[in-house]
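The structure under discussion is supplied below as structure tokens; questions concerning it will follow.
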Amino acid sequence: MDISQILDPLNKAQRRAVCSEAQNTLVLAGAGSGKTRVLVHRIAWLVQVENVSPYSIMAVTFTNKAAGEMRFRIESLLKTPLRNMWVGTFHGLAHRLLRAHWMDAGLLENFQIIDSDDQRRLVKRIMKEIGIDEKQHPPREVQWFINDSKDNGLRAAQLNPREFRGREFMLDIYSRYEELCQRTGLVDFAELLLRAHELWLKQAHVLKHYQQHFSHILVDEFQDTNTIQYAWLKVLSGNNLPQTNMSSFVVGDDDQSIYGWRGAKIQHIRDFNSDFNASAAAEKEVSTIIKLEQNYRSTGNILQAANAVIANNSDRLGKELWTADSEGERLQIYQAFNEIDEAAYVAGQIEKWIDNGGKRSDIAILYRSNAQSQPHEYELVKRGIPYRVYGGLRFYDRAEIKDALAYIRLATNRQDDAAFERIVNTPTRGIGQRTLEIIRDTAKSNQDNLWQTANTLIENKQLSARAAAALQKFIDLIDEMDCTAEAAEFSLAEQVTHIIETSLLKEYHGKDNSERAQAKVENLGELINAVKRFDDEGDPLLDAVKESLEDMLDKSEEVLSNPMSEFLAHAALEAGEGQADEWEECVQLMSLHSAKGLEFELVFLSGLEQGLFPHKNALQDYVGGKLEEERRLCYVGITRARQQLHLTHAESRTMYGRNEMAYASQFLTEIPAELVTQVRAVNNNMSSFHSSENNKPFSTHDSNEGDIALGQRVTHKKFGEGTVIDIEGSGARARVQVSFDYEGTRWLMLSVANLI
DNA sequence: GAATCTCTTGTTTTT
DNA sequence: CAAGAGATTC
């Protein structure tokens, strides 16, 4: 392959980045400026021109989707499969390293990854044990504290107790949690990263091995790295050495940093230059910054809107996107009466797009929170428009699946307390609170896991005959499911099928004949297919690790861990986006967070209301930091659109069962009016009147009680809750409903929902 | 010990 | 509206 194929499709700045000779390169890439393309072509350049071996390259991303796409695009560009290249997410790579070096990392061989749900249960259990009132200190907060500490690389022992005066219990819970996880072979998401970092620091031979193995590290979405990820990269890149040959190539956009709540620090982009040049033995340029500002994605109007919104943020690195493209259409803002009307507008526009020959897969509906997908789904189903929802409750997160996985976990690793707790009495088998309390207490005082404790208690006849019998039945059941090495003669699918059958989970979840129950039974069946798929496809990273460890003395056998553990890790890390219907032609629904990195011809940004987006939690933060992250999220949303962008908000929205009124999002007012067309459909049979108790923002007008003209505004004083109103000119009548907005202001609501 | 009821309470985003 | 906790009844 000749160089022109790699370089021809690139502009000048992109080419400069791809061919960068600096040891460390930071690419500041605006939205739609060809960020992924630069990464992919950079790798192709390294392999084809600089003769770098693919497996001395490590490419890190944040999502599995991005990792998969990068691998795919590199393979298509180079026209060769690259099984041995290290491409993965931070968590995926960290997990892979820990599996290969579990002993050096101080973990149990069959350690399991727990999600935040399991984590909260464990925290709760500890709080109960040491008598901390959950009402006063929500487990969520403690959980957040633990994760935040880990994200910053701090273990309980490293925290200063003096800073916890009056909250010493936080530290106490943290260290007990660490101890419990260690003993039972459980690793949470933050722990994956922290352990991997500690592996570098504590095991010099491991670090040295990988420092010699890799010559190039590439990082996507660099603005999203948290402290521990950044430190991990820094150490691996040889920052601790006087001289290193490792080359780092990172790509990011400070304006698209949207994971601050997960510990990401934009500051890392600023620090990169000074932090990654310790090896200044410079025969060649040490570090360089390249800005990509030409946007190839969106129309001029969309880009201008995005620029205008993000300009309200302070402390940016400074980038101004431009396009050679034409202005295009104006953005359209639709003020809906409520979320049903909003969904109807969106679906109507989608039908129009399709009628004009547009593709469904070019359309995305984006929202701030996953719950907002529901009214849209309802409307799309009603009109028979195929769609697909990303995120939200994912396959492996469903209760019935987590139950099944807990059985598999316990069958794989008896020390897994989290799994034990989840299924010891699911389905119910006569093991009640009392028995469980005894097991927990004994386990606590003996510093033992629940499984072993239960066995001991039965042996020593310390339980009532009834409880002991029930517990014994459970123990026998799990033993019979055994998935440890001895089960190797059965395929994964056979083992899982057996577990689902003998656990009676299908009977348990399907007992009432509801649709919901039926779906659960089907999901359990689907789990077997998921196992089969996993067994067929395997983990592309595994091959890479095997290869890279071949030269590491007597370590190669450690790489091959129990296949069932591999599957469980896959379930925890991939969370199971449906893969089968990936290529089906349908409208895409997803949160703004999961939309990052994607693009669509037609985009709907829905729910642009003050309190929802920006979210009310962010508004309470008067420092503005959180609000700025919301604004970046809005920037991400706007820049997803290529041709057409619709922004919608509703005056009233059903939230936790009540109608809530809301003002339009401040972000809407930040878009220059000349870029926008305001749409308001009047040809539906829906009317909405509202006013606040203090007559803000509307003035009051005299009106005969019980008779309202279309479009007239009223106060609640004349029309109390339940008053019947004639809607002038329509012949319709409605009943007044009183609602409250986010600030607690009282409103009157009349809509099609109130028609009588 | 299990099932059912009532009550409260809490709601972003993801690996 | 939903999940979870706590109380009540079987």
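Numbers restart at 1 for each chain; the letters A, B, ... are given by sequence-line order, proteins then strands.
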Kindly say if A:Arg394 contacts the phosphate of B:dT15, meaning a side-chain N or O under 4.0 Å from OP1 or OP2.
yes
Scan A:Phe62 against the nucleic acid and name what it touches under 4.0 Å (heavy atoms): base, sugar-phosphate only, or nothing.
sugar-phosphate
Which is true for A:Asn370 with a 4.0 Å heavy-atom rule: it touches a base, it touches only sugar-phosphate, or it touches nothing?
sugar-phosphate
Flag if over 12 foreign heavy atoms under 6.0 Å of CH2, A:Trp144:
no
Assign A:Ser594 to base, sugar-phosphate, or nothing according to its heavy-atom contacts below 4.0 angstrom with the strands shown.
sugar-phosphate
Distance, P atom - from B:dT13 to C:dG4, rounded to whole angstrom
16 Å
Looking at C:dA5, I'd like to know if its phosphate oxygens (OP1 or OP2) sit under 4.0 Å from a side-chain N or O belonging to A:Lys128.
no
A:Leu366 CG to B:dT12 P, in whole Å, measures 19 Å
Among B:dA2, B:dG10, C:dG6, the nucleotide that comes nearest once only the side chain of A:Tyr656 is considered:
B:dG10
Among B:dT15, C:dA5, B:dT14, which is the nearest nucleotide to the side chain of A:Glu134?
C:dA5
Which nucleotide, B:dT14, B:dT13, B:dA2, lies nearest any side-chain atom of A:Asn425?
B:dA2
Is the distance from OP1 or OP2 of B:dT15 to the nearest side-chain N or O of A:Asn226 less than 4.0 Å?
no
Do the side-chain N or O atoms of A:Arg140 get closer than 4.0 angstrom to the phosphate oxygens (OP1, OP2) of B:dT11?
yes
Using only side-chain N and O atoms of A:Ser591, determine if any of them is under 4.0 Å from OP1 or OP2 of B:dT14.
yes
Taking CD from A:Glu609 and P from B:dT12, how many angstroms apart are they, rounded to a whole number?
16 Å
Okay, side chain of A:Asp341, backbone of A:Phe337: is any donor-acceptor separation there less than 3.5 Å?
yes
Out of the candidates A:Arg632, A:Arg316, A:Arg631, only one should pair with A:Asp255 under the side chain to side chain donor-acceptor pair (under 3.5 Å) rule; please name it.
A:Arg316
Taking for A:Ala467 and for A:Arg262 the nucleotide of DNA chain B with the nearest heavy atom, the one nearer the 5' end belongs to A:Ala467
For A:Gly92 and for A:Arg368, locate the closest nucleotide of DNA chain B by heavy-atom distance; then report the residue assigned to the nucleotide nearer the 5' terminus.
A:Arg368
Which of these, A:Arg409, A:Arg394, A:Lys402, A:Arg121, sits in a salt bridge (Lys or Arg N to Asp or Glu O under 4.0 Å) with A:Asp115?
A:Lys402
Answer yes or no: is there a side-chain heavy-atom contact under 4.5 Å between A:Thr654 and A:Ile340?
no
Which nucleotide in B:dT12, B:dT14, B:dG1 has an atom nearest any side-chain atom of A:Ser369
B:dT12
State whether A:Thr654 places a side-chain N or O below 4.0 Å from either non-bridging phosphate oxygen (OP1 or OP2) of C:dC1.
no
Under 5.5 Å between ring centres and under 30° between planes: does that hold for A:Tyr259 against the base of B:dT13?
no
Under 4.0 Å, heavy atoms only, any strand: does A:Lys596 hit a base, just the sugar-phosphate, or nothing?
nothing
Taking only residues two or more places apart in sequence or in another chain, which ones pass ring pair (Phe, Tyr, Trp, His ring centres under 6.0 Å) with A:Phe613?
A:Phe667
Does the structure show A:His615 stacking with B:dT12, if we require the centres to be closer than 5.5 Å and the planes to be within less than 30 degrees of parallel?
yes
